[in-house]
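Basis for what follows: all heavy atoms, side chains included, without hydrogens, waters or symmetry-related copies.
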Amino acid sequence: MDISEVTKRAGLPASTLRYYEKRGLIASVGPQGARRRFAPGVLDQLALIALGQAAGLSLDEIQSMLSPAGPPNIDRRLLSAKADEIDATIKQLRAVSRGLRHAAACPAPSHAECPTFQGMLQAAASGALDRQRLGRKLRPTGAGS
């Protein structure tokens, strides 16, 4: 397939294909300098790259799993660690969402008088929300919820 057909079928601009080729994620076939041509398997490689990026993997991490010839070498430990990271992010976002919903409906006369809202502020100020997302242990903030 020539580069224009790959761009149509993959939904990617030619510049992205050239960049991926330069990075070693995909390879064109045929002589250098001629119009780029790709084997049909490039579409599977591009799908794996898209899936990896959707999961938050870096191009270097994705490249380590791709093989120019043959099936990909999937790093199961890396995928498991990435899934754990995503789960931690979901947990953190759910906690933030619950806190925002509480703040929106809180019966306290002001948010300054709401222990739950004050606890959220302290957690945010101390960086606890970011540490929670990264899966690290939280330091006690001294605030009740």
Side-chain angles (χ1 to χ4, degrees), residues 1-106 111-112 114-145:
M1 288 185 285
D2 74 3
I3 193 168
S4 65
E5 184 174 348
V6 176
T7 62
K8 287 177 194 168
R9 292 179 72 181
L12 296 170
S15 59
T16 299
L17 297 178
R18 288 190 293 271
Y19 178 72
Y20 287 171
E21 184 180 21
K22 182 179 176 183
R23 292 280 315 258
L25 293 160
I26 61 173
S28 59
V29 294
Q32 290 290 43
R35 186 162 175 88
R36 284 180 174 83
R37 296 195 55 80
F38 296 91
V42 75
L43 296 174
D44 291 336
Q45 287 179 301
L46 292 169
L48 282 170
I49 294 167
L51 181 61
Q53 288 181 313
L57 297 174
S58 71
L59 288 179
D60 288 336
E61 290 169 325
I62 294 167
Q63 182 179 15
S64 72
M65 292 188 264
L66 293 176
S67 171
N73 181 22
I74 304 299
D75 184 339
R76 294 172 190 264
R77 284 182 288 175
L78 175 63
L79 296 183
S80 181
K82 186 55 76 171
D84 290 344
E85 184 181 315
I86 290 169
D87 288 343
T89 299
I90 291 168
K91 182 179 176 182
Q92 184 246 350
L93 289 172
R94 282 189 179 133
V96 169
S97 176
R98 282 190 304 271
L100 292 173
R101 290 192 188 285
H102 173 83
C106 182
H111 290 99
C114 174
T116 300
F117 187 75
Q118 291 303 310
M120 287 174 45
L121 288 178
Q122 287 181 341
S126 72
L129 296 177
D130 287 334
R131 284 192 302 281
Q132 182 181 17
R133 183 180 62 78
L134 296 173
R136 298 183 192 141
K137 286 197 168 208
L138 300 179
R139 286 193 312 236
T141 61
S145 303

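Residues M1 and R37 fail the side-chain proximity criterion, which asks for heavy atoms closer than 4.5 Å.
Atom CZ in R36 sits 12.5 Å away from atom OG1 in T7 (nearest 0.5 Å). The CD atom of Q63 sits 6.0 Å away from the CZ atom of R23 when rounded to the nearest 0.5 Å. Here the CG atom belonging to L17 is positioned 11.0 Å from the CG atom belonging to L25, to the nearest 0.5 angstrom. Here L43 contributes atom CG and L12 contributes atom CG; the two are 9.5 Å apart, rounded to the nearest 0.5 Å. For the atom pair M65 CE and N73 CG, the distance stands at 9.0 Å (nearest 0.5 Å).
When the side-chain contact (heavy atoms from CB on, under 4.5 Å) test is applied to R94, the partners found at least two apart in sequence or on another chain are I90, R98. For D44, there are no salt bridge (charged side-chain N to carboxylate O under 4.0 Å, His left out) partners two or more places apart in sequence or in a different chain. Not counting sequence neighbours, the partners of H111 by the ring-ring contact (aromatic ring centres under 6.0 Å, His included) test are F117.
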- Item | side-chain contact (heavy atoms from CB on, under 4.5 Å) between V42 and Q45, intermediate numbers included | CA-CA 5 Å; V42 75; Q45 287 179 301; 4.1 Å; yes
- Test L59 against Y19 for side-chain contact (heavy atoms from CB on, under 4.5 Å), laying out the working first. CA-CA 11 Å; L59 288 179; Y19 178 72; 3.6 Å; yes
- Item | Residues V29, F38; criterion side-chain contact (heavy atoms from CB on, under 4.5 Å); working and verdict | CA-CA 5 Å; V29 294; F38 296 91; 5.7 Å; no
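For residues 70-83, the salt bridge (charged side-chain N to carboxylate O under 4.0 Å, His left out) pairs, not counting sequence neighbours, are K82-E85. Residue pairs meeting the side chain to side chain donor-acceptor pair (under 3.5 Å) criterion with at least one partner in residues 8-18, sequence neighbours excluded, are E5-R9.
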Can you give each donor-acceptor pair under 3.5 Å made by side-chain atoms of residues 46-58, sequence neighbours left out, with the distance rounded to 0.1 Å?
from	atom 1	to	atom 2	distance (Å)
Q53	OE1	Y20	OH	3.3
S58	OG	D60	N	3.4
S58	OG	E61	N	3.0
S58	OG	E61	OE1	3.4

